[in-house]
Every structure is written in C-alpha cells, then in structure tokens.
Asker: 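Sharing a structure with you now.
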Amino acid sequence: MERLATLEDLPKEYVEALTAKNVVPLWPSLRDVLPPYTPKPKTQTIAWKYQEIRPLLMQAGELTPIEKAERRVLVLANPGHKLENMCATSVMYLGLQLLLPGEWAPSHRHTPNAVRLIVEGNGAYTSVDGEKCEMERGDLILTPSGMWHEHSHDGDSEVVWLDVLDLPLVYYAEASYVEEGEKVKGEHSTIPVIYGPGIVPTENFQRNNAQYPILRYPWANTKKSLESIASNEDVDMVQVTYINPETGKDAQNVIGFSAIMLRPNEVLRLPRRSCAVIFHIIEGKVVVDVDEVRHELINSDTSCAPCFAHITLTNQNDTPAFIFVADESPFQKKLGLYSERQRTDV
Ligand code: GTQ
C-alpha cells in the first residue's frame, strides 16, 4: 500500500486553519483507522495472577468499608488501553470483587450487562430481580442489562468473584448509567429448576423471565458435561457454550461465555478469531501461548488475548484442566464483523 502524506507535510498555518474550524485531514490517519488486512489492537496479552492480586484485594477489605465502595472491586486493567480506562479488551471489563461476611453491596441496575464467575468462598448470594442466586466456586451468574441486583453474604469467610461486563463498549457508546434500588424485603424467591438438559417448559408455562430464563449456571453441571464430552476421543476441542435455553442463542447479547476442558497433557491450538478473548482458570495448570507471549496460569488466574492471535493452550498436568472463556463473538456476529482465519494466514 502507498505511504500517505503526514500532518508534517502540510503547512503549519493550514493545519491551524483546519483546527480552528474543527476539521481534520483524513489521509495522515487513514492507515491507522483502516490498517491493511488486520486490525491494530490496543489490547495487549496480559495475565493477572490471583495469588499476587488476592493480598491487595484483602487489603482493600481493610482499607475501604463496603459503604464507601458500593462495589469493592480491583479492576483487571489492560495497559494497552491505559489503566485508568479500566478495559481488559476494547469491549470487556474484568474485576475481582470482594464481599466480607455480613456485608451487603446495595441494589442497583445498570445498562451494561454483567456476569459473575465465582472464585472463592461460601455463603454469598446475588439477588437478580429478587431471585436468589447462590454463589459456589465456578458458578456463572448473569445480571443482564436493566436487571436489579444486589450482593449479600451470610457466610463466615471472604467471598471473591470475577466480574465480566461489557462496560467499555457501553461507555464508549455513551449509554452507560446506573439506577439506585431498594433492598429486597422479606424472602428472596429461589430459582426453580425448570430447565434441564434438552428440556424447556411447554408454551403454557407462565414464564417470569423469558428473556433470561437461566440466571445461575452451576459449575457442577458444566463440569459434568465437559467430562462426558472428553470421554469421546474423536472430539478435538472439548468446549461447551453457555446459552439461553429458550432461544438456543448466546446467554447474553454482547459477550459470549463458554468453558473448555483440556485432557491431561493436552495441547489445544485455537482457531484465529476476529474477537479478543479472556481465559480464567477454574482448575489446573495451563500454559497460554499468545503469539510470542507465554503465560503459565494456575487456579483463578486470568489472561486476555487480542483479535486474530495465534493461541495455544497446554495442560501441564496429568489431571484435566478447566478454563472459563469470555469473548466478543456475539457482539461481532450481530454487527457482521466476525471472521476466522487459518493459523497459516498472516
Ligand atoms: O457488582 O454490580 O465490577 O455495578 C462493576 C460495576 C461490579 C456489580 C463491577 C458493577 C458491579
């Protein structure tokens, strides 16, 4: 491609005259906004080690009372997007949230979609539109856009979870805001188990929440599915996707959620995809190679990779490894931006 003229090639007075009228020449920036063939992601390959961050999170529990934090979160920020912008990728926000016994993170609802992936501790729960979602390690809990939610803790140890939100995208769209709510009074309703494997209620069932029929996806079920898929040796990639059982589509609109199991010592080369991706280790020891960068991850570590990266996941143990995955594919597919490339393509 032809090299184009730069700002410096123009007379200074001319550039100033443009600036004064709030106009800019396209050609000096054209190759940045439309780079040839492959995007130039700001997203860097980063790993956040849980054992390094946990003491800092516990310190936040001593330094800042929940009333002064509302949400006591250390954000996993990607320096490629500048730390203060609180982006893991251009679309995804990640945070580790701490709730101490007896604490309550007050009710609110907001336009960004959120999910929680539970990292440690027992006895906490999130109420989503009044429904009580117990938090156990590895569970995925949805709090979709516009749904009231508050976090409570009746147990006796620290509870930590990973928040995944589409906040960077919604904020960029100038669509991000929150409303304050009221504490759930009296009994919470518990979520009835009305969806099973291949089972949805028939049409005449009164659905409370047809748009998001499942709010809590227990880890035990996900793990069981992965293990039984893995027992079939013909399957190359042992992965399940969290879906909405009423539509068969992704569980949420913007970010996609799935889980991968690596068999003992398995090496898995992922397809190159047009969206960034996040990995969070639920169980095991996994080497994540992203282009030239290698991270060795263990339980509760998190990492991210930019679009079109060459990604290889290697299980270093003689036992299976389990990885929670979040990616931007639902968003990209809806906008017609999604594609895959061969590993041999540039
Ligand atoms: O728990 O509702 O990490 O509103 C960021 C914003 C968590 C939450 C975050 C939030 C929440």
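Ligands are counted one by one from 1 in listed order, and the atoms in each one are counted from 1 as well. We use all heavy atoms of the structure for the numbers below, so side chains are in, but hydrogens, waters and symmetry mates are not.
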Asker: Just to confirm my output: which protein heavy-atom neighbour is closest to atom 6 (C) of ligand 1, and how far is it?
Answerer: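 Answer, as residue, atom name and distance: L165 CD2, 4.0 Å.
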
Asker: What heavy-atom pair brings V128 and L142 nearest, and what distance separates the two atoms?
Answerer: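 Shortest heavy-atom contact: CG2-O, 3.6 Å.
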
Asker: Of all the non-hydrogen atoms in the protein, which one sits nearest to atom 8 (C) of ligand 1, and at what distance?
Answerer: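 Among all protein heavy atoms, the one nearest atom 8 (C) of ligand 1 is R71 NE, 2.9 Å.
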
Asker: Compute the ring centroids of H110 and H108, then answer whether they are less than 6.0 Å apart.
Answerer: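 Yes; H108 has its ring centre under 6.0 Å from that of H110.
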
Asker: Looking only at protein heavy atoms, which one is nearest to atom 1 (O) of ligand 1, and what is the separation?
Answerer: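 Result for atom 1 (O) of ligand 1: H151 NE2, 2.7 Å.
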
Asker: Heavy-atom contact check, 4.0 Å cutoff: does E70 meet ligand 1?
Answerer: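 It does not, in that no heavy atom of E70 comes within the 4.0 Å cut-off of ligand 1.
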
Asker: Please check if the side chain of R109 supplies one atom and the backbone of V178 the other of a donor-acceptor pair under 3.5 Å.
Answerer: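 Such a contact is absent between R109 side chain and V178 backbone.
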
Asker: Fit a plane to each ring of Y242 and Y217, take the angle between them on a 0 to 90° scale, and name the class: parallel (under 30°), tilted (30 to 60°) or perpendicular (over 60°).
Answerer: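 Perpendicular: the ring planes of Y242 and Y217 meet at over 60°.
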
Asker: Can you name the atoms of ligand 1, numbered from 1 with element, that are less than 4.0 Å from a heavy atom of R116?
Answerer: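 Here the atoms of ligand 1 in question are 1 (O), 2 (O), 7 (C), 8 (C), 11 (C).
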
Asker: Can you list the residues that meet the salt bridge (Lys or Arg N to Asp or Glu O under 4.0 Å) rule with D236, with sequence neighbours excluded?
Answerer: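 Result, salt bridge (Lys or Arg N to Asp or Glu O under 4.0 Å) vs D236: none returned.
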
Asker: At what distance is the nearest protein heavy atom to atom 7 (C) of ligand 1, and which residue and atom is it?
Answerer: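 Nearest protein contact, heavy atoms only, for atom 7 (C) of ligand 1 is D163 OD2, 3.3 Å.
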
Asker: Excluding sequence neighbours, so at least two apart, what forms salt bridge (Lys or Arg N to Asp or Glu O under 4.0 Å) with K40?
Answerer: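 Scan of K40 (salt bridge (Lys or Arg N to Asp or Glu O under 4.0 Å), adjacent residues dropped) gives D32.
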
Asker: Could you list which atoms of ligand 1 come closer than 4.0 Å to a heavy atom of V73?
Answerer: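 The atoms of ligand 1 under 4.0 Å from a heavy atom of V73 are 3 (O).
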
Asker: Which residue and atom name correspond to the protein heavy atom nearest atom 5 (C) of ligand 1, and how close is it?
Answerer: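 Sorting protein heavy atoms by distance from atom 5 (C) of ligand 1 puts Y93 OH, 3.4 Å first.
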
Asker: In the protein, what heavy atom is nearest to atom 10 (C) of ligand 1, and what distance, to one decimal place, separates them?
Answerer: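 Among all protein heavy atoms, the one nearest atom 10 (C) of ligand 1 is H110 NE2, 3.9 Å.
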
Asker: Distance under 6.0 Å and angle within 45° of the ring axis: does R273 meet both against F308?
Answerer: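 Here R273 fails the 6.0 Å and 45° test against F308.
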
